Amino acid sequence: MPATPDTDVRHRPAVAFVAPFAAFVLLMMAEPLLEPLVAPVFDPRWLYAVRCGLALAALAAFRRHYAPLRPEAPAGPGRWLAAVGIGIGVFALWIALDLPLLVTGEADPYDASRGAGLAVGVVAVRWAGSALVVPVIEELFWRGFIMRWVHHPRFEGVDPRAVSWKALVVSSAVFALEHRLWFAGLLAGLAYGELYRRTGDLRLAVLAHAVTNALLGAWVVGTGAWGFW
């Protein structure tokens with residue numbers, strides 16, 4: 001029997017905002033188990049490309065639900081520049097706040113220099129994924145869904161410009177738990193969330209996040225500080 005709007009998960013807004021992020025994170029969690037299985041076939045570091053591919057497939061499947069990425073009014077150049085500036089500022093804070101009291105757990109053992117020289121292809125995919133894919137799936141999930149859902153369970157009807165400070169702080173605090181640099185993550189969540197609250201345009205939050213991640217990728221490659229990835 002064909003799926004109807006009531007039974008097809010693609011018609012459920014929450015699923016649309018969660019699925020790309022969930023696909024990415026669940027595979028990341030499974031990687032320690034998958035790495036020994038794929039190692040005889042290919043370098044396990046390429047599993048990151050699989051993660052990105054699954055997230056992109058989910059984004060494509062649910063693209064009709066992403067109204068926050070299609071605002072009614074276009075953003076002016078001043079807002080785009082502000083988003084870039086916020087992205088640069090968050091990057092600066094990120095590398096400055098890598099301090100013992102402000103981090104949890106151990107750095108990811110990822111190292112693109114492992115083996116015979118720098119794995120250029122692996123680095124390129126990791127950099128592109130972190131700058132182009134991760135900002136979209138994380139902003140849709142954390143700001144487009146979680147922040148608005150904390151404000152009201154029927155999140156799809158919530159104007160981000162009406163979101164409460166409580167929703168901003170709670171969503172940013174949970175966002176911080178996703179990151180080893182939890183304090184930097186908290187400040188990043190507040191910055192991206194407030195940008196969305198002030199402008200009502202999730203694309204600007206995505207841009208700020210993308211700038212942060214792109215600069216962080218450049219920092220990682222330039223300094224060899226692979227723990228940031």
Side-chain angles (χ1 to χ4, degrees), residues 13-14 16-18 20-21 24 52 55-56 58-60 62-97 127-152 154-176 178-179 181 183-219 228:
F17 283 77
V18 172
F21 179 78
F24 189 89
C52 291
L56 288 171
L59 286 172
F62 294 105
R63 61 188 180 278
R64 68 191 325 186
H65 290 287
Y66 300 139
L69 297 176
R70 299 186 296 272
E72 295 180 1
R79 288 185 170 180
W80 291 108
L81 288 173
V84 171
I86 289 171
I88 294 171
V90 171
F91 159 71
L93 287 171
W94 204 274
I95 60 174
L97 294 174
W127 200 344
S130 67
L132 301 176
V133 179
V134 170
V136 178
I137 64 175
E138 287 201 336
E139 291 309 311
L140 283 170
F141 179 74
W142 290 111
R143 261 60 69 179
F145 171 54
I146 294 295
M147 188 175 77
R148 292 194 297 159
W149 179 82
V150 172
H151 182 81
H152 194 285
R154 290 188 175 275
F155 75 96
E156 66 273 23
V158 173
D159 184 338
R161 291 163 292 192
V163 166
S164 66
W165 275 100
K166 174 186 174 182
L168 171 64
V169 172
V170 169
S171 61
S172 298
V174 183
F175 176 72
E178 182 194 9
H179 299 88
L181 279 72
F183 189 65
L186 174 63
L187 296 180
L190 291 170
Y192 303 149
E194 182 62 10
L195 179 61
Y196 185 33
R197 281 202 334 142
R198 286 181 176 271
T199 65
D201 191 340
L202 192 61
R203 297 174 306 168
L204 297 175
V206 170
L207 174 61
H209 199 151
V211 169
T212 298
N213 286 10
L215 291 174
L216 188 60
W219 174 265
F228 281 105

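Because the structure is predicted, anything quoted here is derived from the model rather than measured. Throughout, residue positions are numbered sequentially from 1 according to the sequence presented.
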To the closest 0.5 Å, what do you measure between [atom1] ([X]) and [atom2] ([Y])?
{"X": "Trp142", "Y": "Phe21", "atom1": "CH2", "atom2": "CZ", "answer": "5.0 Å"}
{"X": "Leu207", "Y": "Glu139", "atom1": "CG", "atom2": "CD", "answer": "10.5 Å"}
{"X": "Leu202", "Y": "Leu140", "atom1": "CG", "atom2": "CG", "answer": "5.5 Å"}
{"X": "Phe155", "Y": "Ile146", "atom1": "CZ", "atom2": "CD1", "answer": "9.0 Å"}
{"X": "Phe228", "Y": "Leu181", "atom1": "CZ", "atom2": "CG", "answer": "6.0 Å"}
{"X": "His209", "Y": "Ile137", "atom1": "NE2", "atom2": "CD1", "answer": "9.0 Å"}

What heavy-atom pair brings [X] and [Y] nearest, and what distance separates the two atoms?
{"X": "Val133", "Y": "Ala55", "answer": "CG1-CB, 4.1 Å"}
{"X": "Gly200", "Y": "Pro160", "answer": "CA-CG, 3.6 Å"}
{"X": "Arg148", "Y": "Pro68", "answer": "NH2-CG, 3.6 Å"}
{"X": "Gly185", "Y": "His179", "answer": "CA-ND1, 4.4 Å"}

For Phe175, does the six-membered ring have the charged nitrogen or CZ of Arg143 within the cation-pi criterion, i.e. under 6.0 angstrom from the centroid and within 45° of the normal? yes

Name the orientation class of the two ring planes belonging to Phe145 and Phe17 (parallel below 30°, tilted from 30 to 60°, perpendicular beyond 60°). tilted

Expected list for residues 186-195: side-chain donor-acceptor pairs under 3.5 angstrom, two or more places apart:
residue: Tyr192; atom: OH; partner: Thr212; partner atom: OG1; Å: 2.8
residue: Glu194; atom: OE1; partner: Arg197; partner atom: NE; Å: 2.8
residue: Glu194; atom: OE1; partner: Arg197; partner atom: NH2; Å: 3.0
residue: Glu194; atom: OE2; partner: Arg198; partner atom: NE; Å: 2.9

Evaluate the criterion side-chain contact (heavy atoms from CB on, under 4.5 Å) for residue pair Val136 and Leu132; output intermediate values, then yes/no. CA-CA 7 Å; Val136 178; Leu132 301 176; over 6 Å; no

Could you work out, with salt bridge (charged side-chain N to carboxylate O under 4.0 Å, His left out) as the rule, every residue matching Arg203, not counting sequence neighbours? Asp201

Report the C-alpha distance between Trp94 and Trp219 in whole Å, list the side-chain angles of each, state the deciding distance to 0.1 Å, and finish with yes or no for side-chain contact (heavy atoms from CB on, under 4.5 Å). CA-CA 11 Å; Trp94 204 274; Trp219 174 265; over 6 Å; no

Answer yes or no: is there a donor N or O on one side and an acceptor on the other, between the side chain of His151 and the main chain of Ser164, under 3.5 Å? yes

Main-chain N/O of Gly76 paired to Arg79 side chain as donor or acceptor, under 3.5 Å: no

With a sphere of 6.0 Å drawn around CZ of Arg70, does it hold more than 12 non-hydrogen atoms of other residues, nucleotides or ligands? yes

Whether over 12 other heavy atoms sit under 6.0 Å from Trp80 CH2: yes

Minimum side-chain heavy-atom gap Asn213-Pro135 below 4.5 Å: yes

